[in-house]
Structure formats: structure tokens, C-alpha cells
Amino acid sequence: MNRLVFLLTFCLGLLGNPIELFSQESTNRVLFENVRVFDGRSTVLTAPLHVLVEGNQIVRMSSSPIEVSGPVQVVAGGGRTLMPGLIDVHVHLVFGALTMREMMSPMLSERLILEKASQSAEQTLLRGFTAVRDVGGPIFPLKALIDNGKAVGPRVWPSGATISQTAGHGDFRTPEERSRRFFGEVSRAERYNATFIADGTAEVLTAVRENLRFGASQIKLMAGGGTSSAYDPVDVTQYTLEEMKAAVEAAEDWGTYVTVHAYTERAVQKAIAAGVRCIEHGQMLDKKTLRMMAKKDVWLSLQNLVADTPDMDPVRREKRKPVLEGQAKIWPLAKQLKVNVAWGTDFLFEPDLNLQQNQYILKLTEWYSPAEILKMITYDNGRLLQLSGLRSPYQGKVGVVEEEALADLLLVDGNPLADISLVANPSEKFLVIMKDGKIYKNTLPDQ
């Protein structure tokens with residue numbers, strides 16, 4: 001059976017009944033008239049343009065009216081801003097949709113996971129995020145539903161289960177769960193496809209290839225300690241050089257790359273030596289390591305991590321202190337040293353945080369201009385997604401407004417280059433949201 005058909009059948013079986021397709025306006029052609037374009041790179045908007053979308057692509061942009069024969073849906077822009085859809089390159093659509101209590105509940109089921117995550121994915125798209133990179137978790141069933149129009153959500157670049165050594169950041173076992181290698185029992189988190197606990201090059205290779213088998217567009221490896229995990233202090237380095245090299249080679253054989261969770265200089269320098277192409281987090285890095293990243297063209301996928309919250313475990317709060325202290329320094333330092341920086345949110349186990357996804361963009365204003373911020377959350381993040389090469393699940397350019405690019409577009413009421421706060425108010429300021437040439441939201445006055 002075709003793998004995609006299998007995944008979709010599996011997902012629908014979990015739900016019992018197909019998810020009703022979100023009400024959307026859909027024609028083969030959509031014409032945006034009289035819009036000023038932020039193309040993803042420029043520091044100014046264009047003069048008024050007309051933009052024609054056919055199927056899922058932008059096919060023509062012109063300062064003159066575009067004559068179209070046959071059916072076309074016309075969107076009267078009224079001089080508003082047309083820009084690329086937003087991109088978040090560090091999400092966990094499943095882990096971010098469930099609380100820790102729900103994750104640990106004996107009532108947890110694949111059906112509940114899919115229901116919660118699909119609701120969250122729909123709201124993500126309606127906040128203007130037309131593409132995300134999911135860097136760890138049981139994402140494949142939800143992605144299949146979205147891609148087949150049975151659920152609503154952004155494009156998803158999936159990593160699949162995180163890959164972690166024993167006692168690593170992805171070792172989610174409870175204290176009573178013993179080692180699979182010694183006792184033969186697969187842990188709960190592994191049963192739910194949240195993580196692979198893999199030790200030694202042979203197991204790492206198997207874990208990488210298993211994720212690639214199900215359609216991973218990149219591989220996520222845990223290379224250092226974390227703040228939300230039980231066993232590993234933040235300062236520890238995880239995986240040997242040989243284990244990481246094995247993961248990199250297996251990913252490269254499939255034309256894609258490895259990204260790693262890491263905070264410290266030692267962990268990141270080892271990852272660079274292994275050929276890793278992207279670092280997630282890195283808030284504790286020094287100038288030497290950042291220079292190495294710039295020289296080797298290694299991306300830094302960075303976040304403004306949420307401050308401590310009342311629901312946060314006290315142990316996690318303590319572990320987070322050096323990371324939170326470092327994050328105010330890393331943004332200006334990475335910019336100064338010309339590291340390729342991407343932006344993401346990384347919300348975990350507190351679903352209400354998702355409502356602040358757009359507001360977190362504004363935290364960048366301390367170090368970046370509005371034009372730099374908009375470029376980062378569209379064009380730059382889109383460049384990072386393209387590292388997946390032929391393993392990208394969607395062939396075509398994202399993060400830009402140009403001819404032949406994929407039609408992931410926002411019509412904004414105002415000019416975000418002049419007022420970046422507009423992107424933090426999607427319910428009122430994002431009047432039209434289009435993904436893959438389909439309009440999922442249109443609150444323009446009757447035309």
C-alpha cells in the first residue's frame with residue numbers, strides 16, 4: 001500500500017470519522033488587485049501591483065491590470081500589504097497542544113493526541129503561519145491529514161521522533177520505566193512515536209532511517225542537556241562524535257540534514273565537527289563557537305524562550321536559569337558575527353502559550369529593525385526549510401512573493417515595515433490568509 005495512503009487510512013481510523021474540511025474559498029485562480037508587496041527581502045513596499053495566483057503558485061505580478069479570461073476570484077487589496085505567510089521553524093505541534101498532565105495521563109490515546117493537535121494546527125494557520133518546521137514528535141499522522149485536506153493547518157516540515165541517547169534530552173521515561181536494551185520493554189514515549197532512545201552508531205542509523213522512511217524532511221538529534229528533561233543537566237554533552245557522524249551521513253545519503261538540540265560550546269563544536277547543518281537554541285554560546293558556525297555556514301535556529309510560568313515545574317525553572325541569562329546576549333552577538341539566524345517559538349506542554357505565537361515576534365525589536373524581523377520570519381526561515389532539498393515535502397519557494405513561488409500569502413491591513421506590531425494582531429490585521437493557493441480566511445468588506 002502506498003505510504004501516504006497508509007498514513008491517511010491510519011489517521012482516519014484513529015478519528016473514527018474524517019475531520020470536516022475547514023470552510024474555505026477555493027477557485028483555480030485568485031487575483032489580488034492593487035496591493036503593495038513586501039517580497040520577503042526588501043526594506044520598502046513596492047508600488048501598487050496586481051498579483052495572479054493559479055493553482056498553488058504565483059504566476060504573474062504586474063503594475064498594469066491583469067486581464068483574466070474565465071473564472072477568477074478577485075481580491076480588492078485597496079493598497080494594503082501583500083506579504084509571504086509567516087514561518088516558525090521550531091514548533092512541536094503535538095507537544096505544544098497538550099499539557100504535561102495530559103501527556104502523562106493513562107487516558108492518553110492516539111485519537112486524543114490527533115484531535116488536540118489538529119485544533120492547534122488550525123489556529124496556527126489562522127494566526128498567519130503558513131509553514132512550520134516540526135522538530136520533534138509524532139507528527140506524521142497529523143501532517144498526512146493536513147496535506148490531504150482532511151484537517152487544516154500550515155505546511156509541515158517534519159522531523160518525526162526525536163533521537164536521543166539514554167539519559168539524553170529525549171529520554172522521556174518515567175522512573176519506573178527501565179532500559180529497552182536490558183529489559184526488552186519499549187518506553188511509553190517511544191510507543192507514541194515521540195522519541196527514539198538510540199545508543200551506538202547502529203541504533204542511531206536505524207532511528208534516522210526509520211524517520212526518513214516515514215517522510216522526515218530533516219533529522220532532529222539531541223546533542224546536549226535540556227531544561228524540560230528529567231535526567232540530563234544543561235551542561236552535559238550528548239552523543240559521541242562517531243554517533244553524530246553516523247546520523248549526518250545517513251541524512252546526507254537521503255539528501256537532507258541533521259539539526260541538533262544544544263546550548264553549550266562543547267556540544268555545538270562537536271556537532272559542527274560531525275557535519276551538522278543547524279543548531280537549535282544555542283543561548284549559551286560564545287564568540288568562538290559563533291564564528292565557527294558563520295565560517296561553516298551552520299544555521300542558528302534561535303528562540304526567545306518563554307519566561308518562567310506559574311505552571312512550570314520548579315526543577316525546570318532552576319535548569320533554565322543559565323539559558324535565560326544567555327538569550328539576551330546571543331541575539332545581538334549572532335547578528336554582529338553574521339551567523340545565519342532563523343526564528344522559532346518552541347512552546348511545550350502549555351497550550352495557552354500558542355496564543356502568544358505572534359506576540360513573540362515583537363521580542364526581536366530589541367535587536368532588529370522591522371524590515372530585518374520580517375525578512376527573518378519569512379525569507380530567512382524559508383531558506384532554512386530549503387535545506388531539506390528533495391526531502392522537502394513541498395517543492396517550490398516559500399517565504400517570498402515572486403513569480404513561480406508557492407502561493408502562501410497574507411493580506412495585511414497596514415504596512416508592517418512601518419508598524420511591526422501589525423503581525424502581532426492577526427485576528428484583526430490579517431484580512432486574507434492563503435496557503436497553497438487556497439483562501440482560509442477572508443474578512444475584507446464585501447467587494
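Bear in mind the structure is a predicted one, so any value in this text is a computation, not a measurement. In what follows, every heavy atom counts, from backbone to side chain, and hydrogens, waters and symmetry copies are set aside.
For the pair R80 (side chain) and G77 (backbone), a donor-acceptor distance under 3.5 Å is present. Judged by distance alone, the side chain of T195 and the main-chain N or O of G170 form a donor-acceptor pair under 3.5 Å. For K435 (side chain) and T130 (main-chain N/O), no donor-acceptor pair under 3.5 Å exists by modelled atom type. Using modelled atom types, one side-chain atom of K319 and one backbone atom of G226 make a donor-acceptor pair closer than 3.5 Å.
A heavy-atom distance below 4.5 Å is found between the side chains of V298 and I279. Taking the side chain as every heavy atom from C-beta outward, Q336 and L290 never approach each other to under 4.5 Å. Counting only heavy atoms from C-beta outward, the side chains of V74 and E33 approach each other to under 4.5 Å.
Heavy-atom minimum distance, S42 versus L417: O-CD2, 4.3 Å. The two atoms that bring A334 and L300 nearest to each other are CB-CD2, 4.1 Å, heavy atoms only. Nearest heavy-atom pair across S164 and M222 is CB-CG, 4.0 Å. The minimum heavy-atom distance linking A250 with L205 is given by the pair CB-CD2, 3.8 Å.
Relative orientation of the H261 and H169 rings is parallel, given thresholds of 30° and 60° on the angle between their planes. Relative ring orientation between Y368 and W331 is described as perpendicular, the plane-to-plane angle rising above 60° on a 0-90° scale split at 30° and 60°.
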Under 3.5 Å, which donor-acceptor pairs do the side chains of residues 426-433 form with other protein atoms, sequence neighbours left out?
from	atom 1	to	atom 2	distance (Å)
E428	OE1	N425	ND2	3.4

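Looking at residues two or more places apart in sequence or on another chain, you find a side-chain hydrogen bond (donor to acceptor under 3.5 Å, both in side chains) between K116 and E102. Take K270 and apply the side-chain hydrogen bond (donor to acceptor under 3.5 Å, both in side chains) test, not counting sequence neighbours, and it matches no residue. Under the ring-ring contact (aromatic ring centres under 6.0 Å, His included) criterion, Y394 pairs with W157, sequence neighbours left out.
For the atom pair L348 CG and L353 CG, the distance stands at 9.0 Å (nearest 0.5 Å). Note: L49 CG to L82 CG = 9.0 Å, rounded to the nearest 0.5 Å. Going from atom CG of D39 over to atom NZ of K375 covers 11.0 Å, rounded to the nearest 0.5 Å. Put simply, CG on L374 and OG on S369 are 8.5 Å apart, with the number rounded to the nearest 0.5 Å. To the nearest 0.5 Å, atom CD1 of residue I373 and atom OG1 of residue T378 are 11.5 Å apart.
For the residue pair Q269/T289, the side-chain donor-acceptor check at 3.5 Å is satisfied. Checking S392 against S217 by side-chain atom types alone, no donor-acceptor pair falls below 3.5 Å.
Atom CZ of R277 is surrounded by 12 or fewer heavy atoms from other residues, nucleotides or ligands within 6.0 Å. Within 6.0 Å of the CZ atom in R391, the count of heavy atoms belonging to other residues, nucleotides or ligands exceeds 12. Within a 6.0 Å radius of CD in E249, no more than 12 heavy atoms belonging to other residues, nucleotides or ligands are found. Summarising the local packing, CD of E67 is surrounded by 12 or fewer heavy atoms from other residues, nucleotides or ligands at distances under 6.0 Å. K335 NZ: more than 12 foreign heavy atoms inside a 6.0 Å radius.
A side-chain hydrogen bond (donor to acceptor under 3.5 Å, both in side chains) with R133 is found for one member of S301, S388, S159 and no other, namely S301.
Among pairs with a residue in residues 342-353, those fulfilling side-chain hydrogen bond (donor to acceptor under 3.5 Å, both in side chains) read D88-T345, H90-D346, H92-D346, T309-E350, at least two apart in sequence or across chains. Within the structure, side-chain hydrogen bond (donor to acceptor under 3.5 Å, both in side chains) contacts touching residues 403-417 (residues at least two apart or in different chains) are R155-D408.
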**Item:** Audit row: T81, V35, side-chain contact (heavy atoms from CB on, under 4.5 Å) steps and yes/no
**Value:** CA-CA 6 Å; T81 302; V35 293; over 6 Å; no

**Request:** Start with the C-alpha gap between L31 and I66, add the side-chain angles, then the distance that decides, and say whether side-chain contact (heavy atoms from CB on, under 4.5 Å) holds.
**Result:** CA-CA 8 Å; L31 177 60; I66 298 175; 4.1 Å; yes

